[in-house]
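To start, the structure under review is shown below, and the notes come after it.
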Amino acid sequence: MESSSKGLLTQVTQFWNLLDDLAESNSESYEKFIAQQLKEGKQLCAAPEPQLCLQTRILKPKEKILFINLCQWKRIPAPQSTTHPVPLSVGRPEDMSETSDVYTVIDVAYNPDILQAAEKDQVKKNQLIRMAMKCIEEQFQFTLSHFYHITNFKIKGSIQRMKQNLMGIQTDPTYLREKMRKELTLEQIRNSTVSNPDHFPHLLLPKDHVSGQTSCLIEEISSKEIQVEMKRPAYELKIVTDQKEKPLKIELKVELPGINSVSLCDLSVSEDDLLIEVSEKYRLHLNLPKPVNTEMTTAKFIKEKATLIVTMPLV
């Protein structure tokens, strides 16, 4: 440990000597270098931002509603190429409640460029969502429903809670300065940096405010492990009216060749949209032309025609 610490300090000294030489020999290059380091440091310290929220269910070990906040975070690196695994960071599960409803919230962060590219491509977006769900299952030994629904709000819970969860730190700068002034020493930096050089930002925090769980670490997951191409099935959607042309209900017929049981169909209907997923073969997401009554919605499967019929009375 002592020799490693001395070696590290020698490298640091050499680095500062090089900077001093650069400042004297080429002040313009020196200023550009410092400006670039400050820019990259600012990006590294930037907090995660909410992108979208999806709702699914934890099936095991205990059934519960799950909200997954997908966030963009500049600290998460982009994949080296389209063939490399996609890095992501998963926060710890947090149980929350509203009145009598109890649910779990998990925050997942990707590089901003990855999420922004997926906004323009539904297949990529679904792939990133599946990656996040797969990672959550493996990390916490959960079994999740294959169905999910993108909510009409970007985040479940507060932004402050999400930042603290993903960053694993106390984000109040005044509090941080006080704790650093009292507890940070050069010896702590030496020892911590040598033993864990990849997590230097955590050195600025007292141990009781750094998450001890591995859930905040960046993981990599390959799309090849997860992605099963789901086809968009043929469908017919129409608004049924009465004799006076007053709209009564929406009727949707979906053709599902190769499916012989309604148990393979996963259906979810909200007031203004609908999602059908079928045994990792088909996926259909539709925005409904009029608000529907979800409680009165019915579905039936005609086995002979491999057709699912969904009837949705209007509000």
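Residues Ser270 and Asp272 have side chains that bring a donor and an acceptor to within less than 3.5 angstrom of each other. Side-chain polar atoms of Asp107 and Asn69 form a donor-acceptor pair below 3.5 angstrom. With 3.5 Å as the limit, one finds a donor-acceptor pair spanning the side chains of Tyr148 and Asn126. Donor-acceptor pairing under 3.5 Å is lacking for the side chains of Gln72 and Asn111.
Note on Glu277 versus Arg130: salt bridge recorded, some NZ/NE/NH1/NH2 to OD/OE distance being below 4.0 Å.
Under the 3.5 Å distance criterion, the side-chain polar atoms of Tyr110 are matched with a main-chain donor or acceptor of Leu128. Judged by distance alone, with hydrogens and angles left aside, the side-chain atoms of Thr151 form a donor-acceptor pair with the main-chain N or O of Cys53 at under 3.5 Å.
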Next on the checklist: Between Thr307 and Leu256, is the side chain to side chain contact (heavy atoms under 4.5 Å, CB included) condition met? List the steps.
Outcome noted: CA-CA 6 Å; Thr307 300; Leu256 303 169; over 6 Å; no
Next on the checklist: Is there a side chain to side chain contact (heavy atoms under 4.5 Å, CB included) between Met96 and Arg161? Walk through the geometry before answering.
Outcome noted: CA-CA 11 Å; Met96 306 177 72; Arg161 180 212 59 78; 4.2 Å; yes
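Pairs passing the salt bridge (charged side-chain N to carboxylate O under 4.0 Å, His left out) check and including a residue from residues 48-58, sequence neighbours excluded, read Arg57-Glu63.
A continuous path of ILVMFWY side-chain contacts below 4.5 Å connects Tyr282 to Leu267, so both sit in one hydrophobic cluster.
At least one side-chain heavy atom of Lys125 sits less than 4.5 Å from a side-chain heavy atom of Ile129.
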